[in-house]
Visitor: 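Structure incoming, see below.
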Amino acid sequence: MLSTTLVLQLLLAISGVTLAAPKPAEYHMFPRVMVRPAHLEVLKIRASTAVNPAAVTETTCLDSFKKIVFHDENVAELSICGGIAGSITKCGGAPASTTGTSGSAQFVLNPVDTGATINISKGRWEQCVRAARAVCPTGSIKATCAGGASTGDVTFTLDNP
Ligand SMILES: *[C@@H]1O[C@H](CO)[C@@H](O)[C@H](O)[C@H]1NC(C)=O
């Protein structure tokens with residue numbers, strides 16, 4: 001019987017292998033002194049394994065065969081609300097809706113309540129996407145984040161642009 005610790009070690013080992021095998025274009029970045037902060041933040045998103053299922057109230061797997069490149073997804077995730085990378089801790093500007101796009105990935109966010117505006121915190125947003133991805137590991141998604149607006153919840157879709 002596998003112990004929980006062993007399973008965790010295996011999962012960490014698998015994610016370690018993934019991180020240690022970057023795409024050729026990224027590989028050449030590591031010997032350089034300058035690494036873009038947004039790139040480090042993308043790696044942080046990927047390395048995080050904690051899933052809070054309560055962060056998402058409803059998740060629908062739309063098309064599990066849609067090709068959404070993981071790196072694009074991570075960059076698009078930080079591109080909502082005009083960009084929430086670096087020291088930015090929440091969606092600013094109280095938009096009525098917002099998108100985050102990079103390559104093969106596009107997030108579209110809308111408040112559930114009519115007239116509400118989006119002010120989701122970065123932590124809440126990352127938890128919501130992670131929880132939705134735990135339900136639908138591949139392809140396009142429609143899900144509802146708990147909270148994240150001036151009133152009520154925020155729905156999002158992740159699909160090709
Ligand atoms: C979003 O707005 C609501 C209502 O004004 C407020 O209670 C909540 O703290 C805000 N959230 C963030 C992350 O600023």
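As the structure lists them, so they are numbered: ligands from 1, and atoms in each ligand from 1. Heads up: numbering here begins at 1 and tracks the sequence.
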Visitor: For Asn110 and Thr155, which I'm curious about, is there any donor-acceptor pair between the side chains at under 3.5 Å?
Guide: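 No, no side-chain donor-acceptor pair sits under 3.5 Å.
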
Visitor: Could you tell me whether some N/O pair between Lys90 and ligand 1 is separated by less than 3.5 angstrom?
Guide: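 Yes.
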
Visitor: In terms of residue, atom name and distance, what is the protein heavy atom nearest to atom 3 (C) of ligand 1?
Guide: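 That would be Asn119 ND2, 3.6 Å.
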
Visitor: Is there a donor-acceptor pair under 3.5 Å between the side chain of Asp72 and the backbone N or O of Ala105?
Guide: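 The answer is no, because no donor-acceptor pair under 3.5 Å joins these two groups.
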
Visitor: Among protein heavy atoms, which sits nearest to atom 5 (O) of ligand 1, and what does the distance come to when rounded to 0.1 Å?
Guide: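 Heavy-atom neighbour on the protein nearest atom 5 (O) of ligand 1: Ser150 O, 4.4 Å.
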
Visitor: For residues Lys90 and Ile84, report the shortest heavy-atom separation together with the two atoms involved.
Guide: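 Between these two residues, the closest heavy atoms are O-CG2, 3.9 Å.
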
Visitor: Looking at atom 7 (O) of ligand 1, tell me if a protein heavy atom falls under 4.0 Å from it.
Guide: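 Not a single protein heavy atom is under 4.0 Å away.
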
Visitor: Go through it in stages, so that I can follow the logic: the residues are Arg133 and Glu73, the test is salt bridge (charged side-chain N to carboxylate O under 4.0 Å, His left out), and I'd like the CA-CA distance, side-chain angles, deciding distance and then a yes or no.
Guide: CA-CA 11 Å; Arg133 263 290 176 236; Glu73 182 180 319; 3.0 Å; yes

